[in-house]
Amino acid sequence: MDSADLQALRTAIRCVPDYPKPGILFRDITTLLGNAPMFQLAVAELSRPWADRQIGHVAGIEARGFILGGAVAHRVGAGFIPIRKKGKLPHETVRVAYSLEYGLDEMEMHRDAIEPGEQVLLIDDLIATGGTAEAAVKLLRGLGAEILAACFVIDLPELGGARRLQALDVPVHSLVAFQGQ
Ligand code: AMP
């Protein structure tokens with residue numbers, strides 16, 4: 001991506017201080033999604049490294065990962081898998097617990113969503129501590145997926161999420177990085 005496109009993407013992301021609580025600078029991608037050229041650019045750049053690869057499925061993490069992951073899946077010619085908060089999927093699921101800042105949460109996917117050995121791309125809007133993406137990696141690998149990469153529009157490198165995934169041998173691709181939390 002050239003530097004003008006990169007700058008345009010950065011500018012399209014709205015920063016909301018003290019949301020959802022004091023001290024958090026929320027990186028709001030609704031402004032990017034609502035801007036057609038920027039949405040197209042983000043999806044094109046997330047998809048570009050995989051143009052010549054055989055992707056079995058793209059897995060997106062609820063909820064913003066559904067919007068981006070669905071568009072990337074369409075572009076790379078793969079099916080889409082939703083990774084959801086617990087209790088939302090109707091068929092037989094596999095579940096993993098993961099820690100949030102306060103307490104635990106759980107995410108699920110359908111047990112029959114992938115075939116063992118499939119190449120899967122994982123997509124979310126943002127990686128911070130990496131706890132959410134790590135849980136998704138565990139779910140997918142538990143069903144035999146080979147994770148080609150985890151892809152994000154935004155990385156907050158100071159929070160160490162990319163390093164955490166790389167330590168699990170998951171390559172990480174992100175489009176823009178912001179300093180701080
Ligand atoms: P983490 O598990 O710490 O990597 O957090 C990643 C998840 O939390 C992603 O699904 C993000 O959408 C959300 N998230 C964490 N921090 C922020 C932030 N500063 N702005 C927007 N979303 C965030």
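Quick caveat, the model's predicted, so the values are computed rather than measured. Just follow the structure's listing: the first ligand is 1, and inside any ligand the first atom is 1.
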Original post:
In this structure, which one of Ile24, Ile29, Leu25 forms a side chain to side chain contact (heavy atoms under 4.5 Å, CB included) with Arg27?
Top reply: Leu25

Original post:
Leu143 pairs by side chain to side chain contact (heavy atoms under 4.5 Å, CB included) with which of Val120, Val94, Asp112?
Top reply: Val94

**OP:** Enumerate the protein residues lying less than 4.0 Å from ligand 1, judged by heavy-atom distances, in chain and residue-number order.
**Re:** Leu25, Phe26, Arg27, Arg64, Asp124, Asp125, Leu126, Ile127, Ala128, Thr129, Gly130, Gly131, Thr132, Leu156

Subject >> Heavy-atom pair with the smallest gap, counting every atom of His173 and Pro49 >> reply: ND1-CG, 4.4 Å

Subject >> Residues which pass salt bridge (charged side-chain N to carboxylate O under 4.0 Å, His left out) with Asp28, listed by chain and number, not counting sequence neighbours >> reply: Arg14

Original post:
Applying the side chain to side chain donor-acceptor pair (under 3.5 Å) test to Glu108, which of Lys86, Arg95, Lys88, Arg84 qualifies?
Top reply: Arg95

**OP:** Determine the minimum heavy-atom distance between Tyr98 and Ala135, stating which atoms define it.
**Re:** CB-CB, 3.6 Å

